[in-house]
Amino acid sequence: MKRKYDAIDEENTKELTEDELEASTTEKLLQLYRATLSPSDKRIFNILQIRPVESMPLFGPKASEVPSTSASNPLHAHSVRANTILAGTIDDVKAYHTALLYDESKQATTSASYDLRFLLPLLCHILDEKNICDGVKVISNGWIYFIARGMSLKDETLRAEAFLAFQRFIDNFQRAQTKSARNKDAKLYLHILNGFKRGVVQLGECRVSHLLATWMVGIWEVLKQPTNTMFKCVTTSLFAKPTIEMTILPDFISFYNDGDEKRESRTWILNILYHGLKTTEDWRIAQKSPTIKFLCSSFLIEKVKTQRTIIGILTHGAGIPEIAETMTDKQSLPLWISNLIVSSNRLNMEIEAFFHKLATTCPMNDHRRKIFEFVRRKKGWLKIEKQDNMDTD
């Protein structure tokens, strides 16, 4: 039996076989396409790759619409098309979660995430200098998230697309005649974009760490919503920086120690750490601030939900040998764990899992083995297998 792919038009539950998809016209495929990582969208993407498709294709519901344009002015028509795509083809909430959770190594098949292979090249064409684009829509409608995440990708082609879109976006803001009602927003965005640009130049390479890309995604989520409770805190911080350094986690201490009663800034920066700390490079950047020290020192006064986030962050790091060694020798986390007393059974299980990952990943010597054995006995946890093959002097 032919494998079937769901046509992902929300109002169309019809299923199409591979043969039916391949026999469909390009126009029909673009109407069905939502630029996600769903099975049907992936199949449509592959078909579109071998067909002649214009550089700025309308897709989804917009593909069946014909923008009103002036036939006598093709440049105007091109700009109208670009702004039509910006205005209504993606969902900003889904775009945010795509960028926050994007994992090149796994590439899950799901309609909950957008496909950057299609959207980043498209955005580059939209922001081409011949188009007069509403740059604010790039931010308010969530396209900026794709640029931020794209700048950290391992795929060199997609990363180059992201950096090109980033530069074109800045150029667009600098030359656009922004409507007066949005002029204040445009000035704010341009100041921050230039701050990011100077920071990237200082890196000496066209690649941003996963952690800093995640931080940028979080920053733009705040900036596009002036009603966001973090807006004042973030804008005050960024306005004071002509250059935003990309080799550190900017203002970690001030965000973590902000005096707001609800600790919203702490929750925000913890969310960035949870999703952003993936590699050794990310942890090296984070450790330029007293990150682990702050996480551990505030742990007992936090609510259970925040405590679980902290343990989740530390568990991610415990899976990296270099970081596990730092946690053990310099931060004394096994002894910190031994003194933790929590009432939540689920949290206690997560702490135990963190401990076992730390003990399994950290290169062993006699001193470290004795520490882990001490904690195991004190907490009454299962014996850890000795790792004689990983012993170090």
Side-chain angles (χ1 to χ4, degrees), residues 93 96-98 100-103 105-106 108 110 112-113 210-211 214-215 217-218 221 229-230 249 252 255-258 260-279 282-283 286-287 290-321 323-328 331-362 368 371-385 387:
V93 175
Y96 169 70
H97 288 290
T98 295
L100 190 69
L101 306 175
Y102 201 80
D103 189 337
S105 62
K106 296 181 180 178
T110 172
S113 295
H210 188 276
L211 175 60
T214 304
W215 181 80
V217 169
E221 172 67 5
T229 54
M230 286 286 295
L249 185 59
F252 166 76
F255 282 129
Y256 203 87
N257 281 343
D258 195 292
D260 61 309
E261 293 182 3
K262 297 182 180 179
R263 294 195 177 124
E264 290 172 337
S265 63
R266 180 175 295 182
T267 300
W268 180 83
I269 197 65
L270 283 172
N271 191 48
I272 299 302
L273 293 174
Y274 184 86
H275 293 290
L277 287 171
K278 298 291 186 183
T279 67
D282 295 326
W283 277 93
Q287 289 184 107
T291 312
I292 295 176
K293 177 181 178 181
F294 275 49
L295 297 180
C296 294
S297 63
S298 71
F299 181 83
L300 292 177
I301 64 173
E302 305 291 355
K303 295 180 179 179
V304 171
K305 183 179 179 179
T306 302
Q307 289 178 328
R308 293 187 61 211
T309 300
I310 291 173
I311 294 299
I313 293 168
L314 296 174
T315 302
H316 291 162
I320 303 172
I323 309 306
E325 191 171 347
T326 297
M327 288 179 169
T328 301
Q331 306 291 341
S332 300
L333 289 199
L335 297 179
W336 176 75
I337 292 171
S338 73
N339 291 317
L340 289 180
I341 300 175
V342 297
S343 58
S344 167
N345 289 333
R346 185 174 182 180
L347 176 59
N348 196 59
M349 290 174 62
E350 291 172 353
I351 293 172
E352 183 178 355
F354 164 45
F355 172 76
H356 286 309
K357 176 170 279 192
L358 187 63
T360 301
T361 306
C362 183
R368 292 170 190 154
I371 291 175
F372 284 112
E373 183 68 13
F374 166 77
V375 178
R376 179 194 68 79
R377 291 179 181 279
K378 182 175 181 180
K379 304 294 283 190
W381 288 334
L382 296 175
K383 185 176 180 62
I384 304 168
E385 294 294 332
Q387 299 175 301

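Hydrogens, waters and symmetry mates play no part in the numbers below; they use all other heavy atoms, side chains included.
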> For the side chain to side chain contact (heavy atoms under 4.5 Å, CB included) test, which of Ile337, Leu358, Thr360 pairs with Phe372?
Replying inline: Leu358
>> Would you compute the distance between atom CD of Glu302 and atom CZ of Arg263 and round it to the nearest 0.5 angstrom?
In response: 5.0 Å
>> To check you understand the geometry: which heavy-atom pair defines the closest contact between Thr98 and Ala112, and what is its length?
In response: OG1-O, 4.0 Å
> Does some side-chain heavy atom of Glu325 sit less than 4.5 Å from a side-chain heavy atom of Arg368?
Replying inline: yes
>> A side-chain contact here means heavy atoms from C-beta on lying under 4.5 Å apart; do Leu273 and Thr214 qualify?
In response: no
>> With a 4.5 Å cut-off on side-chain heavy atoms, are Ser265 and Met230 touching?
In response: yes
> For the residue pair Val375 and Pro334, what are the closest heavy atoms and their distance?
Replying inline: CG2-O, 3.2 Å
>> If I compare all heavy atoms of Ile311 with all of Leu347, which pair ends up nearest, and what's the gap?
In response: CG1-CD1, 4.1 Å
>> Just so I know, are the side chains of Leu249 and Thr291 near enough to count as touching, which here means a heavy-atom distance under 4.5 Å?
In response: no
> Any idea which heavy atoms bring Gln307 and Phe299 closest together, and the distance?
Replying inline: NE2-O, 2.9 Å
>> Looking at every heavy atom in both Ile310 and Ser298, which two are closest together, and how far apart are they?
In response: CD1-OG, 4.2 Å
>> With heavy-atom distances below 4.5 Å as the criterion, would you say the side chains of Leu270 and Leu295 are in contact?
In response: yes
> To the nearest 0.5 Å, what is the distance between OG1 (Thr306) and CD1 (Ile301)?
Replying inline: 10.0 Å
> Are Val304 and Arg346 side-chain neighbours, meaning at least one heavy-atom pair lies under 4.5 Å?
Replying inline: no
> What closest approach, in Å, do Phe255 and Ile269 show between heavy atoms, and which atom pair accounts for it?
Replying inline: CB-CB, 4.1 Å
> How far apart are the C-alpha atoms of Leu335 and Phe374, what are their side-chain angles, what is the distance that settles it, and do they pass the side chain to side chain contact (heavy atoms under 4.5 Å, CB included) test?
Replying inline: CA-CA 9 Å; Leu335 297 179; Phe374 166 77; 4.0 Å; yes
> Do other residues, nucleotides or ligands put more than 12 heavy atoms under 6.0 Å from Asn339 CG?
Replying inline: yes
>> Angle between ring planes, Trp381 versus His356, binned at 30° and 60°: parallel, tilted or perpendicular?
In response: tilted
> Mind checking whether Tyr274 and His316 have parallel, tilted or perpendicular rings, split at 30° and 60°?
Replying inline: tilted
> Could you state the interatomic distance from OG1 (Thr309) to NZ (Lys303), rounded to the nearest 0.5 Å?
Replying inline: 12.5 Å
>> Applying the side chain to side chain contact (heavy atoms under 4.5 Å, CB included) criterion to Leu333, which one of Thr328, Thr326, Leu314 satisfies it?
In response: Leu314
> Which distance, rounded to the nearest 0.5 Å, do you find between the NE2 of His210 and the OH of Tyr102?
Replying inline: 10.5 Å
>> Less than 4.5 Å apart, side chain to side chain, heavy atoms only: is that true for Arg266 and Asn257?
In response: yes
>> Would you compute the distance between atom NZ of Lys379 and atom CD1 of Ile351 and round it to the nearest 0.5 angstrom?
In response: 6.5 Å
> Charged N to carboxylate O below 4.0 Å: is that the case for Arg308 and Glu350?
Replying inline: yes
> Do the side chain of Asn271 and the main chain of Trp268 share a donor and acceptor less than 3.5 angstrom apart?
Replying inline: no
>> Has Lys278 got a side-chain atom pairing as donor or acceptor with Asp103's backbone, closer than 3.5 angstrom?
In response: no
>> Closer than 3.5 angstrom, by distance alone: can the side chain of Thr361 be matched with the main-chain N or O of Ala318 as a donor-acceptor pair?
In response: yes
